[in-house]
2 protein chains.
Amino acid sequence: MNQHLQPVISTASSRIYETLRRDLVGGRFAAGEKLAINALKEHYHVGLSPLREALNKLAAYGLLIQENQRGFRVPTLSRSELDDIANMRLELEGMAFERAIQHGDDIWEAELLAAAHRLKRADLSLEKGEEWEVLHSQFHRTLVAPCGSVWLLRFIEQLHDQFDRYRRLGPKMPTVRQTLDGQHHELVELALQRDSKAARALMDDHIHKSYQVALKRYQEHA
Amino acid sequence: MNQHLQPVISTASSRIYETLRRDLVGGRFAAGEKLAINALKEHYHVGLSPLREALNKLAAYGLLIQENQRGFRVPTLSRSELDDIANMRLELEGMAFERAIQHGDDIWEAELLAAAHRLKRADLSLEKGEEWEVLHSQFHRTLVAPCGSVWLLRFIEQLHDQFDRYRRLGPKMPTVRQTLDGQHHELVELALQRDSKAARALMDDHIHKSYQVALKRYQEHA
DNA sequence: GTCAGTTAAAAAATCGATTATTATGTATAA
DNA sequence: TTATACATAATAATCGATTTTTTAACTGAC
């Protein structure tokens, strides 16, 4: 029998990890905030052990700071760290995109088109909520997926989560960002044309514009 | 009173994390091995909770694989992953070294000389044990320390740990690696001369030679 | 009023035991 | 034999309670 048809049992620990990760990236905790473990336990309806295991993982991942004998806190935000993250995205995603264009096959092309389409549909519906966020990161993941380096992908993922802590500051995406959304389509175009030079240039520009958005939000945040 | 003079109390969790990290990097577990939590508990004389928290952190860090409802196992080794890790080291450490040479001040120069000297002393005593390993990673950390990017340093650290899983396979460093050790000195030279171009070239060569060593060990390992 | 020292409350870390899941072994039927 | 269902053992995950440490509140001396 196909084991994949059986319901996939996940642990409480992995579920709360994913929930907390989303909430941290989505800005539902204040930067620098100290996490009250008992409150979290109640709020998310989980036991202490799975919760602590999730917090430990998040700390190792970089979405929490763990302090000796005094629990966990949300990392603070700073202009210099935002610059760092954006610069690293420029380097790593540019590199990954170039490689993906070299190695990606026609299945990748299809997935790219599909991911871009799904994202655009979400755009049009103007609901830039959690759904858009998911499709957006899936799109960017797809762009670089066939780069050939597991570790590169891992680092990029991590940087995206960090970057989004800045980009998603403040109220929920009220601004229209026509330019950025339009670039998603262009990125696919250049990828299909296998024009890695132009593709990287556009990726650089895309990240730079995203950076501008994130920076603005960070500055308006204070 | 200066609080730094008080003894630093660390948690059982952070201690066992560091111990396990060293043992995983040092190859005291077989690749692919399933970790018997009860056995670990006994062997390291720790309770279940701190142990599990450490294992969770190590999984998030990439030194363990966590499988749904079936505990933790040591990641397997593969030629393709070794290549990936070495390539990423080339890119990231090269980048970081260049930046460090641009930003590093005279304090850095002093620390570089010190770190290189300590490493050389350990070399001469021919005891390439754990002590040499510590000095060696400290030396490499120092080389890139003032690169200006916290995230870059973080990724490099992670890659080093992964790389060492291959480099340190098999018996404890019986081979004499005159060339590699000599390059450490040359790297410092070029850094002091602020010759970032030549420095990066040498760093590339150094990593490539390290890769050859690791590859050989990996192949002899089977 | 301020500050060191003390005590009480809160929180973090850990422990011991329980529950849930997977892996193993065995008997039975095809 | 081979496969399948069932029972059993082993292990992972989680819970509830305890211990340890930190933080906050309090006290009294200067």
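Computation of the quantities below employed the complete heavy-atom set of this structure, encompassing side-chain atoms and omitting hydrogens, waters and symmetry-equivalent molecules. Predicted model only: the values in this text are computed from it and were never measured. Throughout, a chain's letter reflects where its sequence line sits, starting with A, and its residues are numbered from 1.
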Residues that A:Glu91 engages under salt bridge (Lys or Arg N to Asp or Glu O under 4.0 Å), provided they are two or more places apart: B:Arg99

B:Leu51 CG to D:dA13 C1': how many Å, rounded? 13 Å

Could you give the NZ-to-C1' distance, from B:Lys41 to D:dA13, as a whole number of Å? 13 Å

Contacts of type side-chain hydrogen bond (donor to acceptor under 3.5 Å, both in side chains), residue B:Asp164, not counting sequence neighbours: B:Arg167

Only counting residues at least two apart or in another chain, list the ones meeting salt bridge (Lys or Arg N to Asp or Glu O under 4.0 Å) with B:Asp84. none

Show me the donor-acceptor pairs, under 3.5 Å and distance only, between side chains in residues 38-48 of chain A and residues at least two apart or in other chains.
| from | atom 1 | to | atom 2 | distance (Å) |
| --- | --- | --- | --- | --- |
| A:Tyr44 | OH | A:Asp23 | OD2 | 2.7 |
| A:His45 | ND1 | A:Glu42 | O | 3.4 |

N/O-N/O pairs, protein side and nucleotides 7-16 of chain C side, under 3.5 Å:
| from | atom 1 | to | atom 2 | distance (Å) |
| --- | --- | --- | --- | --- |
| C:dA12 | OP1 | A:Lys34 | NZ | 2.8 |
| C:dA12 | O3' | A:Gly71 | N | 3.4 |
| C:dA13 | OP1 | A:Gln69 | N | 3.4 |
| C:dA13 | OP2 | A:Arg52 | NH1 | 2.9 |
| C:dA13 | OP2 | A:Arg52 | NH2 | 3.1 |
| C:dT14 | OP1 | B:Ala12 | N | 2.3 |
| C:dT14 | OP1 | B:Ser13 | N | 3.4 |
| C:dC15 | OP2 | B:Gly47 | N | 3.2 |
| C:dC15 | N4 | B:Ser49 | OG | 3.1 |

Rounding to an integer number of Å, can you tell me how far B:Glu33 CD sits from D:dT11 C1'? 15 Å

By side-chain hydrogen bond (donor to acceptor under 3.5 Å, both in side chains), which residues pair with A:His208, not counting sequence neighbours? A:Gln212

